[in-house]
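Single-structure report; data block below.
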Amino acid sequence: MTDADQRAQDRTADRSAAAQTRPQHWFDADAGPVVRPYAMTRGRTTSAGQHRLDLIAVVVPEPAADDPGRDQTLSPEHVEIVERCGDTPQSIAELAAGLDLPVGVVRVLVGDLVADALVHVTRPVPPAELPDESLLREVINGLRAL
């Protein structure tokens, strides 16, 4: 047997010994169930109307979403989004941070809820549509002059 054959045989033995001593689970019991984000969205990266769902879009529950837990078609993440917004409307960014999910996943989940008419999304007024500051100062000065 050559030296190269001996080294190859030793590597194979080392790998099988390491495989036998390695634990069979790749996570510990404290980690709990691990679900990839794309599994929550069933592999989707967009949803209908996602162009409206920027980071500062505010999610507000519809009155029909009084008990989202009853709906068996909703995932636990959908239900939690509706419940979090029930107390106080929240932005997409706040939901992503609170749920510890990527923003893209939250956008898809909120898009599903919008399509199911369980929430609606409002957007803040764009800066271009806000009144000019000088105009507001003139109105204030005019009111003071009265």
Side-chain angles (χ1 to χ4, degrees), residues 4 7-144 146:
R7 284 191 300 260
Q9 191 175 26
D10 291 342
R11 280 193 300 262
T12 304
D14 289 344
R15 282 188 206 131
S16 64
Q20 290 173 356
T21 60
R22 198 175 333 157
Q24 296 300 317
H25 299 289
W26 57 272
F27 62 90
D28 60 12
D30 294 334
V34 178
V35 177
R36 294 279 186 191
Y38 61 81
M40 292 178 202
T41 62
R42 289 177 252 130
R44 296 172 297 138
T45 57
T46 61
S47 63
Q50 186 160 348
H51 61 279
R52 301 180 306 137
L53 302 178
D54 54 0
L55 290 175
I56 58 174
V58 178
V59 180
V60 181
E62 294 288 350
D66 57 347
D67 187 14
R70 270 188 313 184
D71 191 348
Q72 297 298 318
T73 62
L74 295 178
S75 70
E77 291 79 18
H78 286 111
V79 172
E80 189 165 354
I81 288 172
V82 175
E83 288 174 350
R84 283 178 179 263
C85 295
D87 299 333
T88 304
Q90 295 188 13
S91 69
I92 299 289
E94 290 172 319
L95 288 170
L99 295 170
D100 196 26
L101 291 174
V103 172
V105 171
V106 173
R107 284 181 176 156
V108 172
L109 295 174
V110 170
D112 295 344
L113 294 170
V114 169
D116 290 343
L118 293 173
V119 299
H120 68 273
V121 177
T122 61
R123 299 184 67 207
V125 178
E129 294 179 16
L130 291 173
D132 186 30
E133 185 178 338
S134 62
L135 175 66
L136 292 174
R137 290 197 186 281
E138 288 179 30
V139 169
I140 291 171
N141 292 337
L143 289 172
R144 285 184 182 150
L146 292 176

With side-chain contact (heavy atoms from CB on, under 4.5 Å) as the criterion, how do I56 and I92 come out once you've worked through the C-alpha distance, each side chain's angles and the decisive distance to 0.1 Å? CA-CA 6 Å; I56 58 174; I92 299 289; over 6 Å; no
Point-to-point distance, once rounded to the nearest 0.5 Å, from OG of S75 to CG of L113: 8.0 Å
Do L99 and E77 have side chains that get closer than 4.5 Å, going by heavy atoms? no
Is there a side-chain contact (heavy atoms from CB on, under 4.5 Å) between L109 and H78 once you walk through the steps? CA-CA 6 Å; L109 295 174; H78 286 111; 3.5 Å; yes
In this structure, OG of S91 is separated from CZ of R123 (nearest 0.5 Å) by 12.5 Å
Can you tell if the side chain of I81 reaches within under 4.5 Å of the side chain of V110, non-hydrogen atoms only? yes
Between R84 (side chain) and G98 (backbone), is there a donor-acceptor pair under 3.5 Å? yes
Under the side-chain contact (heavy atoms from CB on, under 4.5 Å) criterion, do V114 and H120 qualify, and how do the steps go? CA-CA 6 Å; V114 169; H120 68 273; 5.9 Å; no
Quick check: closest heavy atoms across C85 and P61, and the distance to 0.1 Å? O-CD, 3.3 Å
For L95 versus Q90, what's the shortest heavy-atom pair and its separation? CD2-OE1, 3.5 Å
Test L55 against V103 for side-chain contact (heavy atoms from CB on, under 4.5 Å), laying out the working first. CA-CA 8 Å; L55 290 175; V103 172; 3.4 Å; yes
Once rounded to the nearest 0.5 Å, what's the spacing between atom CD of E62 and atom CG of D116? 11.5 Å
So which heavy atom on A57 is nearest to which on V121, and how close? CB-CG1, 3.5 Å
